[in-house]
Chemist: 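Here it is: the structure, laid out below.
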Amino acid sequence: GAGPGSVVRSTLDAGLQRYTAATLHRRLAELAGRNVGDGAVIVIDNASGEVRAYVANDGAGEVDGVTALRQAGSTLKPFLYELALERGQLTAASLLDDTPVDIPTVGGLYVPQNYDHQYRDAASVRTSLAGSLNVPAVRTLMLAGLERFHERLRQLGITSLTEAPEFYGWSLALGSGDVSLLELTGAYRTLANGGLQDDVTFVPRAGSARQAAK
């Protein structure tokens, strides 16, 4: 590590860091009436993987919201649909069954429901993803395969899904696993880069414009 008095360059952009913190603070103030009191933001350059802004927590708590584990919710759905598209099992225009379904499991019936408790009989992949519909997502997981999807998430760098696929079950399509914002953002970066993946960094990479500017 660097000794006392040494200069350490980071990838953080001071102006963007201030803007990000102020934006998060303002947004949380707007959501205060909905019992939302904490928030975190990380900004990563897609091309280089360099972290430009890091706001660990705007609330009163001391938890680092960037690295803490939280249920993923609907944020995993794009990776699920991508997997099915990649395998040629679906296209963006494919129609998915959006009617109630009872799925037998070891623990009893699993009955996924849409957030608005409404069903559309059939919905395209585009509509299912854009509307974050739960039933089509679970049906897509049944098509793509639970073990395959679990492995894909691990390949994307989400290391917190340490249990066997059966532990999460079909609800993995709806984000039943715990993930960190840092790893989730890294996974989205891989999606943005067409499947190319490397680690994020807080130290300017060799040859980067930021390092050259120093």
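Keep in mind that the numbers below use all heavy atoms, side chains included, and drop hydrogens, waters and symmetry copies. Being a predicted model, the structure only gives us computed values, none of them experimental.
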Chemist: Would you mind listing every salt bridge (charged side-chain N to carboxylate O under 4.0 Å, His left out) that reaches into residues 175-192, with sequence neighbours excluded?
Modeler: Arg189-Asp198
Chemist: Name all residues meeting the side-chain contact (heavy atoms from CB on, under 4.5 Å) criterion together with Glu82; count only those two or more places apart in sequence or in a different chain, and write none if there are none.
Modeler: Glu86, Arg152, Leu191
Chemist: Taking ring pair (Phe, Tyr, Trp, His ring centres under 6.0 Å) as the test, write out the residues that go with Phe79, two or more places apart.
Modeler: Tyr188
Chemist: Is there a path of hydrophobic side-chain contacts, each under 4.5 Å between heavy atoms, that joins Val138 and Phe149?
Modeler: yes
Chemist: Other than Leu129, which residues form its hydrophobic cluster under the rule that side-chain heavy atoms must be closer than 4.5 Å?
Modeler: Tyr81, Leu85, Leu90, Leu96, Val125, Leu143
Chemist: Shortest non-hydrogen contact from Thr75 to Pro78?
Modeler: O-CD, 3.5 Å
Chemist: Looking at Asn193 and Asn46, would you say the former's side chain and the latter's main chain have a donor-acceptor pair under 3.5 Å?
Modeler: yes
Chemist: Determine whether Leu196 and Thr190 make a side-chain contact, defined as any pair of heavy atoms from C-beta on separated by less than 4.5 Å.
Modeler: no
Chemist: For Arg27, enumerate each residue passing the salt bridge (charged side-chain N to carboxylate O under 4.0 Å, His left out) test, keeping only those at least two apart in sequence or located in another chain.
Modeler: Glu30
Chemist: What I'd like to find out is whether the side chain of Val51 reaches to under 4.5 Å of the side chain of Thr201, using heavy atoms alone.
Modeler: no
Chemist: Report the distance from atom OH of Tyr54 to atom CG of Leu12, rounding to the nearest 0.5 Å.
Modeler: 10.0 Å
Chemist: Apart from Leu95 itself, what residues make up its hydrophobic cluster when side-chain heavy atoms of I, L, V, M, F, W and Y under 4.5 Å apart count as a link, directly or indirectly?
Modeler: none
Chemist: What's the spacing between Glu151 CD and Arg148 CZ if we round to 0.5 Å?
Modeler: 10.5 Å
Chemist: Please report the shortest heavy-atom distance between Gly169 and Leu141, naming the atom on each side.
Modeler: O-CD2, 4.2 Å
Chemist: Between CD of Gln113 and CG of Asp116, what distance do you get to the nearest 0.5 Å?
Modeler: 10.5 Å
Chemist: Hey, is the main chain of Val203 close enough, under 3.5 Å, to the side chain of Glu50 for a donor-acceptor pair?
Modeler: no
Chemist: State whether the side chain of Ser128 and the backbone N or O of Ser124 hold a donor-acceptor pair below 3.5 Å, judged by distance alone.
Modeler: yes
Chemist: Who else is in the cluster with Leu109 when I, L, V, M, F, W and Y are joined by side-chain contacts under 4.5 Å?
Modeler: Val111
Chemist: If I take atom CG from residue Asn57 and atom CD from residue Glu62, how far apart are they, to the nearest 0.5 angstrom?
Modeler: 9.5 Å
Chemist: After noting the C-alpha distance and the side-chain angles of Val43 and Thr20, does the key distance pass the side-chain contact (heavy atoms from CB on, under 4.5 Å) rule?
Modeler: CA-CA 8 Å; Val43 179; Thr20 301; 4.1 Å; yes
Chemist: Give every residue pair that meets the side-chain hydrogen bond (donor to acceptor under 3.5 Å, both in side chains) criterion with at least one member in residues 160-169, sequence neighbours excluded.
Modeler: none
Chemist: Please table the atom pairs, donor to acceptor, closer than 3.5 Å between any side-chain atom in residues 66-73 and protein atoms at least two apart or in another chain.
Modeler:
from	atom 1	to	atom 2	distance (Å)
Gln71	NE2	Ser176	O	3.1

Chemist: Would the number of heavy atoms belonging to other residues, nucleotides or ligands and lying under 6.0 Å from CZ of Arg126 be above 12?
Modeler: no
Chemist: Linking I/L/V/M/F/W/Y whenever any side-chain heavy atoms sit under 4.5 Å apart, do Ile103 and Leu172 land together?
Modeler: yes
Chemist: Do the non-hydrogen side-chain atoms of Leu161 and Ile158 ever get within less than 4.5 Å of each other?
Modeler: yes
Chemist: Can you tell me how far apart CG (Leu76) and CG (Leu174) are? Round to the nearest 0.5 Å.
Modeler: 9.5 Å
Chemist: Which pair of non-hydrogen atoms, one from Gly157 and one from Gln197, has the smallest distance, and what is that distance?
Modeler: N-NE2, 3.5 Å
Chemist: Does Val135 offer a backbone N or O that forms a donor-acceptor pair with the side chain of Asn114 under 3.5 Å?
Modeler: yes
Chemist: Which residue pairs pass the ring pair (Phe, Tyr, Trp, His ring centres under 6.0 Å) test when at least one of the two sits in residues 129-148, sequence neighbours left out?
Modeler: none
Chemist: Restricting to pairs with a member in residues 106-139, which pass ring pair (Phe, Tyr, Trp, His ring centres under 6.0 Å), not counting sequence neighbours?
Modeler: none
Chemist: Indicate the atoms forming the closest heavy-atom contact of Thr11 with Arg52, along with that distance.
Modeler: O-NH1, 3.3 Å
Chemist: Quick one: does any side-chain atom of Ser132 pair with a main-chain N or O of Ser74 as donor and acceptor, under 3.5 Å?
Modeler: no
Chemist: Under the salt bridge (charged side-chain N to carboxylate O under 4.0 Å, His left out) rule, what pairs show up with a residue in residues 87-101, not counting sequence neighbours?
Modeler: Asp97-Arg139, Asp98-Arg120
Chemist: Looking at Ala173, is its backbone amide N or carbonyl O close enough to the side chain of Lys77 to form a donor-acceptor pair, meaning the two atoms are under 3.5 Å apart?
Modeler: no
Chemist: With side chains defined as the heavy atoms from C-beta onward, is the minimum distance between Val36 and Leu28 less than 4.5 Å?
Modeler: yes
Chemist: What closest approach, in Å, do Ala123 and Leu133 show between heavy atoms, and which atom pair accounts for it?
Modeler: CB-CD1, 3.9 Å
Chemist: Check Ala84 against Thr140 and note the closest heavy-atom contact, atom names and distance.
Modeler: CB-CG2, 4.0 Å
